[in-house]
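What follows is one structure encoded as structure tokens, with my remarks underneath.
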Protein chains: 2
Amino acid sequence: MEDRAPASIKQFEERLIDVSESLPKRLRQCADYVAANKDRIAVSTVAEMAEGAGVQPSAFMRFCRILGFSGFSEMQRLFRESYAGGWPDYSTRLKHLREKAEGSASALLGEFVDAGRASLENLLKTIDPKTLDDAVEALAKAQMIHIIGLRRSFPVASYISYAFEKMNVPAMLHSGVGGLDNHNAIRTGDVLLAVTFSPYSAETVDMVEAVSARGIPVVALTDTIVSPLRKFETITLSVSEVDFGAFRSLSATLCLAIVLSVAVGTKRSE
Amino acid sequence: MEDRAPASIKQFEERLIDVSESLPKRLRQCADYVAANKDRIAVSTVAEMAEGAGVQPSAFMRFCRILGFSGFSEMQRLFRESYAGGWPDYSTRLKHLREKAEGSASALLGEFVDAGRASLENLLKTIDPKTLDDAVEALAKAQMIHIIGLRRSFPVASYISYAFEKMNVPAMLHSGVGGLDNHNAIRTGDVLLAVTFSPYSAETVDMVEAVSARGIPVVALTDTIVSPLRKFETITLSVSEVDFGAFRSLSATLCLAIVLSVAVGTKRSE
DNA sequence: TGAAATTTGGAATATATGTTCTATTTTGCT
DNA sequence: AGCAAAATAGAACATATATTCCAAATTTCA
């Protein structure tokens, strides 16, 4: 459609960036999906690529032509030919990375990726399905969900807050901006979702104590079972995250946070 | 022909060795060629493989059956699936899951854990070490690091902000609380770290545009290479993450965020 | 050496996959 | 709001590719 077809992956990428500024909806989806899944082009059919991008095969075809190819086959040929023999698998790649790049940013990346994967794997083993269901049910029944999580837990709390908003779940994030803590906003019929990790911030623990004394249900997202929240009557989901140095990779925690949000959101919309 | 088809590359190799002792001439050629060119199976046609081995397509077909497959296609599927790493396609799987709405909380958890692990693995493949180093260096040299990331990117921005604070790196989080945007706080010698994902929030893009026009370096953390930040001169780290409708599992993104924070922190303290 | 069994080549067929076409929907503009 | 242009979905069509079949060639063994 435009000039000639890209002759290398590099040219292909340039072309993709070039073109994707001004693309209608469906074609944009193609561009996004392709950008994120270049490696699949070599081994997939148009139908698979189209489904992945969430469009019709014909739309994907148009996309190929906009990129300068005569069709999908020609585009695929480029990727098949440049496929030199596969990357090393994950574990060898990781090993390689650490050895040759000791102390560099890339080596760090390897470590954290590894830690994250281990944490996620561990999450599956440690989460009790029953407790998870209980938490979802409690939150789904709430008139309003109050979320608190400060300092290192704040990213998690703010993420949950965003997710709830998107799913039309009434929720309020207690961020303590300006030193205002709106304890009184929490009313009978509401539920508190508290997120806290060692070292546990006092404000969060205080809030849980106060609220739980009033008989309001509390769902807690915390590390290990010895957290200070344990002494109150809470539904406790504990996540043990693999640390690297002093830094906590939040992979597992955020994963659980999404699950909780989505599960609550879908349950409420039923 | 024989018993059942190999279910993994490992099994495939064992089977190949097993069988190749007692093979007639043409089939032996197939075995030899395949052993030396396993990687081509994923991206070739029977005709191509047959030609490579110096036999007729039909001979190659027989060879596939002797290995236990129903035909070439089945054998190829094995290699295609193991090639593309992150199979099956999580975004479509999750889409189906939501459509069928049969996702119990635990099932959801499984899906998201898988998705997170795939995203992390993918991160290793897509991040360019050179770009990562450049980003670390730019940030390490900054007098002050300004962080912006709104809406869905806010958890990431706030996490980075927390990490920098803990490492005594001068940083300022532009959260837009109260509608105040402190553009003027950004001065020569500073660096902007912008986090944004589709749909890209206008405020972030605007800030990048304004700041980059003033010649201030910008490091961008974004998804795919086609994000709107691309048109400015930024050091772009792109992360492709599996998402669930409007929800992004931030595993890979946060992992990169930690790496960036820690690398910058240690570099500055040297 | 000759008959039976096995292996092979190549054409015929079935199937999967890519591509095109057009009615319908959406978008952009006055 | 109404019109023209662009974009899209889905089915129809064309092509590439896998698979099967069988006659011819080769091997095996008495």
Side-chain angles (χ1 to χ4, degrees), chain A residues 1-2 4-6 12 19-34 37 40-81 83, chain B residues 1-2 5-6 12 19-34 37 40-81 83-84 87-89 92 95 99 199 226:
Chain A
M1 210 127 234
E2 301 266 338
R4 276 231 306 303
F12 174 88
V19 127
S20 64
E21 304 286 293
S22 56
L23 236 39
K25 191 170 157 216
R26 291 282 113 107
L27 299 184
R28 197 325 65 108
Q29 284 173 244
C30 294
D32 289 346
Y33 184 75
V34 162
N37 299 280
R40 291 201 180 156
I41 297 171
V43 296
S44 300
T45 65
V46 241
E48 286 167 347
M49 292 299 291
E51 194 191 342
V55 305
Q56 288 283 330
S58 56
F60 201 88
M61 289 297 303
R62 257 178 296 132
F63 173 72
C64 296
R65 315 186 88 158
I66 284 173
L67 249 30
F69 300 100
S70 71
F72 176 72
S73 297
E74 194 178 311
M75 177 164 127
Q76 189 175 54
R77 189 151 46 241
L78 173 67
F79 282 83
R80 287 192 168 173
E81 278 165 9
Y83 165 67
Chain B
M1 209 133 231
E2 302 267 335
F12 174 88
V19 127
S20 63
E21 306 286 289
S22 55
L23 237 39
K25 193 174 158 207
R26 291 284 115 108
L27 298 185
R28 157 127 265 171
Q29 285 173 243
C30 294
D32 290 346
Y33 183 76
V34 162
N37 299 279
R40 293 205 183 162
I41 298 171
V43 296
S44 301
T45 65
V46 238
E48 287 166 348
M49 292 300 290
E51 193 190 342
V55 304
Q56 288 286 328
S58 55
F60 201 88
M61 288 297 302
R62 259 176 294 131
F63 172 73
C64 295
R65 314 186 88 156
I66 283 172
L67 249 30
F69 299 99
S70 71
F72 176 71
S73 296
E74 194 178 310
M75 177 165 126
Q76 188 175 55
R77 190 153 45 243
L78 173 67
F79 282 83
R80 287 191 169 175
E81 279 167 8
Y83 164 85
W87 289 103
D89 186 325
T92 45
K95 205 187 297 167
E99 279 164 6
V226 296

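Naming convention: chains lettered A, B, ... in sequence-line order (proteins, then strands); numbering from 1 in each chain.
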[X] [atom1] - [N] [atom2] separation (whole Å):
{"X": "Phe60(B)", "N": "dT19(D)", "atom1": "CZ", "atom2": "P", "value": "11 Å"}
{"X": "Met49(A)", "N": "dT19(C)", "atom1": "CE", "atom2": "P", "value": "14 Å"}
{"X": "Glu74(A)", "N": "dT19(C)", "atom1": "CD", "atom2": "C1'", "value": "13 Å"}

Correct closest heavy-atom pair for Ala31(A) and Leu23(A) would be CB-CD2, 4.0 Å
Sugar-phosphate means primed atoms, P, OP1 and OP2; the rest is base. With that split, encode nucleotides 4-18 of chain C 5' to 3' as B, S or - using protein heavy atoms under 4.0 Å. ---SBBB------SS
Step by step, work out the side chain to side chain contact (heavy atoms under 4.5 Å, CB included) result for Arg26(A) and Phe63(A). CA-CA 9 Å; Arg26(A) 291 282 113 107; Phe63(A) 173 72; over 6 Å; no
Side chain to side chain contact (heavy atoms under 4.5 Å, CB included) for Arg28(A) and Asp32(A)? Distances and angles first, verdict last. CA-CA 6 Å; Arg28(A) 197 325 65 108; Asp32(A) 289 346; 3.7 Å; yes
Parallel, tilted or perpendicular: rings of Phe12(B) and Phe69(B) (30°, 60°): tilted
Tell me whether the rings of Phe60(B) and Phe72(B) are parallel (<30°), tilted (30 to 60°) or perpendicular (>60°). perpendicular
